[in-house]
2 protein chains.
Amino acid sequence: MKKLSNKERIVAVAERLFAERGYDGTSLREITREAGVDVALVRYHFGNKQGLFDELLRRRAEALNLERSDALDAVLARNDPAPVEEIVDAFTHTLLNKVVSEDPTWRSYFGMLAQVNNNPEWGGKAMSRHFDPLVRRFLDALRRAMPDADETNLFWCYHFWSGALTLTFADTKRIDALSGGLCHSSDFEAVHQRLVPFISAGFRALCQPQGDNTHD
Amino acid sequence: MKKLSNKERIVAVAERLFAERGYDGTSLREITREAGVDVALVRYHFGNKQGLFDELLRRRAEALNLERSDALDAVLARNDPAPVEEIVDAFTHTLLNKVVSEDPTWRSYFGMLAQVNNNPEWGGKAMSRHFDPLVRRFLDALRRAMPDADETNLFWCYHFWSGALTLTFADTKRIDALSGGLCHSSDFEAVHQRLVPFISAGFRALCQPQGDNTHD
DNA sequence: GTCTATAGCTTGATAGAC
DNA sequence: GTCTATCAAGCTATAGAC
């Protein structure tokens, strides 16, 4: 553990605990106890519990959005309309690369996102606020790649995509049991190899109409 | 409101509140206050808070598993190996039909499942306990439909599928904002039309190898 | 089965000294 | 920026009367 300020120590521990136990499952006293700082410092630095959580969400979202936007730009600079696979890849691999290789605290951040994305009370609003502008850029690129796509299909495909990513980041170890130890929910490299072709095929099935592809 | 026993009133309210606010975000006092019964009755009927939650999970899982197992049997009786689409359909539509048409309390149940499936602490175990035997039957059918499939790919495809379904049931209204009001997260009929072709295409892309379809 | 009463603890928040 | 001290409120769990 490097020399961190008290504020940084709160941030580091809070990110991990919120990811593991959720917002309501984590108390300020647990956070500050593990961080070795006084409870009252949360109020001083972040106002209150929700302020702390929001700040954690905001911090990394900014950096992430810039990076993913650049990844999309690079794809489109080579080719516009770009192939579906490359667009999906730009969105997805930026995340998965962080989890696979870089500093391990990103895993906690994505674990937090998994909980936020599935929270029926305020999760939708929070995700929209932080990520929808970026998502719209990706959907624009996909719309140019599949110009005959029905608008609603594009949005629902993104929804399925987001759900698949989210469950991955939740890292619940269910697939470990289901597969009898063959797969591991924390094997983000395995997801990295499979998610792009899976999602791209889904997009093509619904958004590149040859006749009507909807079901029923 | 019909004439319900106190136990039934607790069940009804608890299901709704757990779905809306999660396990940690819901207190026994809220549940019993809304149900109009005494807090101590939770202890009498369910032991404790976790016992109540587990019972809610278990109750409907049984009925659901029987129904979905029958749906798979019907598909396989017509054709084995069955087409991928029909297998996916049997798994998915049993759920979505309940949400679209039948008694509205099923929505709460699926909302609870969405929270459990994404819970990194005990969610994986709980989902496995209640649903993995059934899921294995479906994966067996899919394996026969795509005999050259790599085993790990089958499991990961199910994982993506589960994630897409789960986010749907979380019903966070994010897609409402993202789509500018064009789509609604509670429009399970729309999901019903799109999820089966989306997921089936993903399975085919990864599990019906023509050369290597993994990415990178 | 249902209720009263309460034990025992934890929670988020905050006033105020340093 | 940091800490002590404390508040009011909430929580789960449970013993015991009816």
Nearest-Å distance, [atom1] ([X]) to [atom2] ([N])?
{"X": "A:E30", "N": "C:dT11", "atom1": "CD", "atom2": "C1'", "answer": "11 Å"}
{"X": "B:D24", "N": "C:dT10", "atom1": "CG", "atom2": "P", "answer": "16 Å"}
{"X": "A:N48", "N": "C:dA13", "atom1": "CG", "atom2": "P", "answer": "5 Å"}
{"X": "A:L28", "N": "C:dC9", "atom1": "CG", "atom2": "P", "answer": "21 Å"}
{"X": "A:K49", "N": "C:dG12", "atom1": "NZ", "atom2": "P", "answer": "5 Å"}
{"X": "A:F53", "N": "C:dA13", "atom1": "CZ", "atom2": "P", "answer": "14 Å"}
{"X": "A:L4", "N": "D:dG1", "atom1": "CG", "atom2": "P", "answer": "15 Å"}
{"X": "A:R21", "N": "C:dT10", "atom1": "CZ", "atom2": "P", "answer": "14 Å"}

Do [X] and [Y] sit within salt-bridge range, that is, some charged N less than 4.0 Å from a carboxylate O?
{"X": "B:R58", "Y": "B:E62", "answer": "yes"}
{"X": "B:R143", "Y": "B:D140", "answer": "yes"}
{"X": "B:R194", "Y": "B:D187", "answer": "no"}

When we call it a touch if two heavy atoms are under 4.0 Å apart, what does [X] touch: a base, just sugar-phosphate, or nothing?
{"X": "B:D38", "value": "base"}
{"X": "A:T26", "value": "sugar-phosphate"}
{"X": "B:L41", "value": "base"}

Using only side-chain N and O atoms of [X], determine if any of them is under 4.0 Å from OP1 or OP2 of [N].
{"X": "A:R43", "N": "C:dA13", "result": "no"}
{"X": "A:R29", "N": "C:dT10", "result": "no"}
{"X": "B:S27", "N": "D:dC11", "result": "yes"}
{"X": "A:N6", "N": "D:dT2", "result": "yes"}

Against the side chain of B:H45, the closest entry in C:dG12, C:dA15, C:dT2 is C:dT2
The nucleotide from C:dG12, D:dC11, D:dA15 with an atom nearest the side chain of B:R33 is D:dC11
Q. Taking the six-membered ring of B:F188 as reference, does the NZ or CZ atom of B:K98 fall below 6.0 Å from its centre and within a 45° cone about the axis?
A. no
Quiz item: Is a side-chain donor or acceptor of A:N65 paired with a backbone partner of A:H130 at a separation under 3.5 angstrom?
Solution: yes
